[in-house]
Amino acid sequence: MNRRWYSYPYIVWALIFIVVPLIVVLVYGITVQGPDGTLNISFANFKRFFTPVYLGVLGRSVLYAAISTFICLIIGYPAALILTSKNLKHKSVMMLLIVIPMWMNLLLRTYSWLTLLENEGLINQFLRFIGVIEQDGYIQFLYGKGAVIFGMVYNFLPFMILPIHSVVSKMDYSIIEAAEDLGAGKVNVFRKVIFPLSIPGISSGITMVFVPAITTFAISSILSGNNVNLLGNVIEKQFGVGGDWNFGSTMSLILMLMILVSLLFMPDSEKESQGGMML
């Protein structure tokens with residue numbers, strides 16, 4: 001039996017659930033609906049998008065996604081290195097603790113933080129109990145940009161740790177030992193060997209965090225109480241509340257184009273994975 005037959009189910013699945021929806025979005029994105037319900041080719045929605053209001057939302061989305069990606073990198077890179085340490089005990093347990101939250105739905109994970117962070121939540125109740133705040137007081141954790149960034153970091157941090165861990169754990173440690181034998185200190189070994197070799201994992205982690213962060217709408221809706229609107233929220237409202245599928249599709253096309261362009265500036269994993277610098 002020809003092995004090409006094995007690929008046909010996936011090709012059919014991809015056509016139905018990937019190609020066709022993208023074509024529908026493209027058609028709606030470059031058209032406007034006339035009075036009689038017909039779709040007429042027009043780029044008026046693109047002109048509508050490039051106004052201060054929507055560009056401000058776009059800038060806010062990029063900023064929040066960049067901040068959350070940077071925080072994930074700062075936290076995730078050391079965590080990935082620690083998980084690859086030879087002296088670390090219970091590695092499998094620690095990896096399981098990182099992976100387990102990913103088994104739950106993103107909405108469920110995000111809603112669970114409402115119970116902890118709301119004004120009468122468990123954290124505020126604990127702070128009252130230990131006397132940090134007054135009995136009738138509270139600390140406002142939710143309904144701001146800080147809560148949105150926190151939600152992004154919490155939900156997407158495993159996507160930074162896992163690819164870096166995967167790359168670092170496959171390193172040829174004989175290269176590190178050779179650098180140490182040549183007199184390189186720990187700082188130089190990290191700077192000239194470990195870090196260059198881990199760049200493919202960093203590149204993958206940044207991509208896997210930044211893309212969902214810039215497109216998310218559930219996290220910002222839940223944790224900010226709809227006080228912080230990102231581009232994903234505006235698009236969701238166009239398809240839902242507003243009923244303007246054409247403008248929503250136009251914004252989706254612009255967002256997809258931005259993501260594709262940003263991926264072009266990511267480091268080439270194959271080139272970067274050829275090896276680190278040696279002293």
- Is Leu253 linked to Leu260 within one hydrophobic cluster, defined over Ile, Leu, Val, Met, Phe, Trp and Tyr using a side-chain heavy-atom separation of less than 4.5 Å? no
- Query: Do the non-hydrogen side-chain atoms of Val209 and Leu73 ever get within less than 4.5 Å of each other?
  - Reply: no
Please table the atom pairs, donor to acceptor, closer than 3.5 Å between any side-chain atom in residues 18-31 and protein atoms at least two apart or in another chain.
unit_1	atom_1	unit_2	atom_2	d
Thr31	OG1	Val27	O	2.7
Thr31	OG1	Tyr28	O	3.4
Thr31	OG1	Asn246	ND2	3.3

- Sorted by chain and number, sequence neighbours left out, side-chain hydrogen bond (donor to acceptor under 3.5 Å, both in side chains) with Asn124 holds for none
- Message: Just so I know, are the side chains of Ile254 and Leu257 near enough to count as touching, which here means a heavy-atom distance under 4.5 Å?
- Response: no
- Looking only at heavy atoms, what is the nearest atom pair of Leu106 and Ala218, with distance? CD2-CB, 4.2 Å
- Query: So, does Ser166 use its side chain to make a donor-acceptor pair with the main chain of Leu162 at under 3.5 Å?
  - Reply: no
- Item | 4.5 Å side-chain heavy-atom contact, Ser204 and Phe159 | no
- Would the number of heavy atoms belonging to other residues, nucleotides or ligands and lying under 6.0 Å from CE of Met102 be above 12? yes
- Item | Verdict with supporting geometry, Tyr64 and Val228, side-chain contact (heavy atoms from CB on, under 4.5 Å) | CA-CA 11 Å; Tyr64 285 16; Val228 177; 3.6 Å; yes
- Task: Tell me whether Val234 is reachable from Val211 by hopping between hydrophobic residues (I, L, V, M, F, W, Y) whose side-chain heavy atoms are closer than 4.5 Å.
- Result: yes
- Query: Any sub-3.5 Å donor-acceptor pair from Gln125's side-chain atoms to Glu120's backbone N or O?
  - Reply: yes
- Message: Atom CD1 of residue position Ile41 - does it have more than 12 heavy atoms of other residues, nucleotides or ligands inside 6.0 Å?
- Response: no
- Message: Assess, by modelled atom type and distance only, whether the side chains of Lys237 and Asn229 contain a donor and an acceptor separated by less than 3.5 Å.
- Response: yes
- Under 3.5 Å, side chain of Thr38 to main-chain N/O of Gly34, donor-acceptor pair present? no
- Message: Which residue in the set Ile259, Leu231, Leu230 passes side chain to side chain contact (heavy atoms under 4.5 Å, CB included) when paired with Thr215?
- Response: Ile259
- Which word best sums up how the rings of Trp13 and Phe17 line up, parallel for under 30°, tilted for 30 to 60°, or perpendicular for over 60°? tilted
- Item | Close side-chain approach of Ser68 and Phe210, heavy atoms under 4.5 Å | no
- Task: For residues Met104 and Ser112, determine if any side-chain heavy atom of one lies less than 4.5 Å from a side-chain heavy atom of the other.
- Result: no
- Query: In Å, rounded to the nearest 0.5 Å, how long is the span from CG of Leu122 to CG of Leu117?
  - Reply: 9.5 Å
- Message: Has Ser252 got a side-chain atom pairing as donor or acceptor with Gly248's backbone, closer than 3.5 angstrom?
- Response: yes
- Would you please test Asn227 and Lys145 for side-chain contact (heavy atoms from CB on, under 4.5 Å) and show each step? CA-CA 9 Å; Asn227 290 327; Lys145 61 181 181 181; over 6 Å; no
- Working for side-chain contact (heavy atoms from CB on, under 4.5 Å), residues Val32 and Leu39: CA-CA 6 Å; Val32 293; Leu39 297 177; over 6 Å; no
- Query: Is the shortest heavy-atom distance from the side chain of Met160 to the side chain of Ile206 under 4.5 Å?
  - Reply: yes
- Nearest 0.5 Å please: distance from the OH atom of Tyr138 over to the CZ atom of Arg128. 9.5 Å
- Message: Between Phe141 and Trp113, is the ring centroid distance below 6.0 Å?
- Response: no
- Item | Within 6.0 Å of OH in Tyr8, more than 12 heavy atoms from elsewhere | yes
- Item | salt bridge (charged side-chain N to carboxylate O under 4.0 Å, His left out) against Glu134, all qualifying residues, sequence neighbours excluded | none
- Item | Minimum side-chain heavy-atom gap Ile194-Leu81 below 4.5 Å | yes
- Query: OG/Ser169 to NZ/Lys91 distance, rounded to the nearest 0.5 angstrom?
  - Reply: 9.0 Å
- Query: So, for Met208 and Pro163, which heavy atoms are closest and what is the spacing to 0.1 Å?
  - Reply: SD-CG, 4.1 Å
- Task: Using a 4.5 Å cut-off on heavy atoms from C-beta on, say whether the side chain of Thr216 contacts that of Asn233.
- Result: no
- Out of curiosity, does Val57 fall in the hydrophobic cluster containing Met251 (side-chain heavy atoms, cut-off under 4.5 Å, transitive links)? yes
- Item | Proximity of Phe247 and Tyr54 rings by center, below 6.0 Å | yes
- Between CD1 of Ile219 and CG of Leu107, what distance do you get to the nearest 0.5 Å? 9.0 Å
- Scanning both residues in full, the closest heavy-atom pair of Thr207 with Pro212 reads O-CD, 4.0 Å
- Query: If you look at every heavy atom in Tyr77 and Ser198, which pair is closest and at what distance?
  - Reply: OH-OG, 2.7 Å
- Any link between Ile164 and Phe70 through a network of hydrophobic side chains (Ile, Leu, Val, Met, Phe, Trp, Tyr) touching at under 4.5 Å? no
- Item | Interatomic distance, Cys72 atom SG to Leu157 atom CG [nearest 0.5 angstrom] | 5.0 Å
- Query: Out of curiosity, Ile161 CD1 to Met94 CE, how far, rounded to the nearest 0.5 Å?
  - Reply: 9.0 Å
- Item | Worked check of side-chain contact (heavy atoms from CB on, under 4.5 Å) between Leu55 and Thr51 | CA-CA 6 Å; Leu55 288 178; Thr51 55; over 6 Å; no
- Task: Report yes if the distance between the aromatic ring centroids of Phe46 and Phe49 is under 6.0 Å, otherwise no.
- Result: no
- Query: Can you hop from Ile98 to Ile75 via hydrophobic side chains spaced under 4.5 Å?
  - Reply: yes
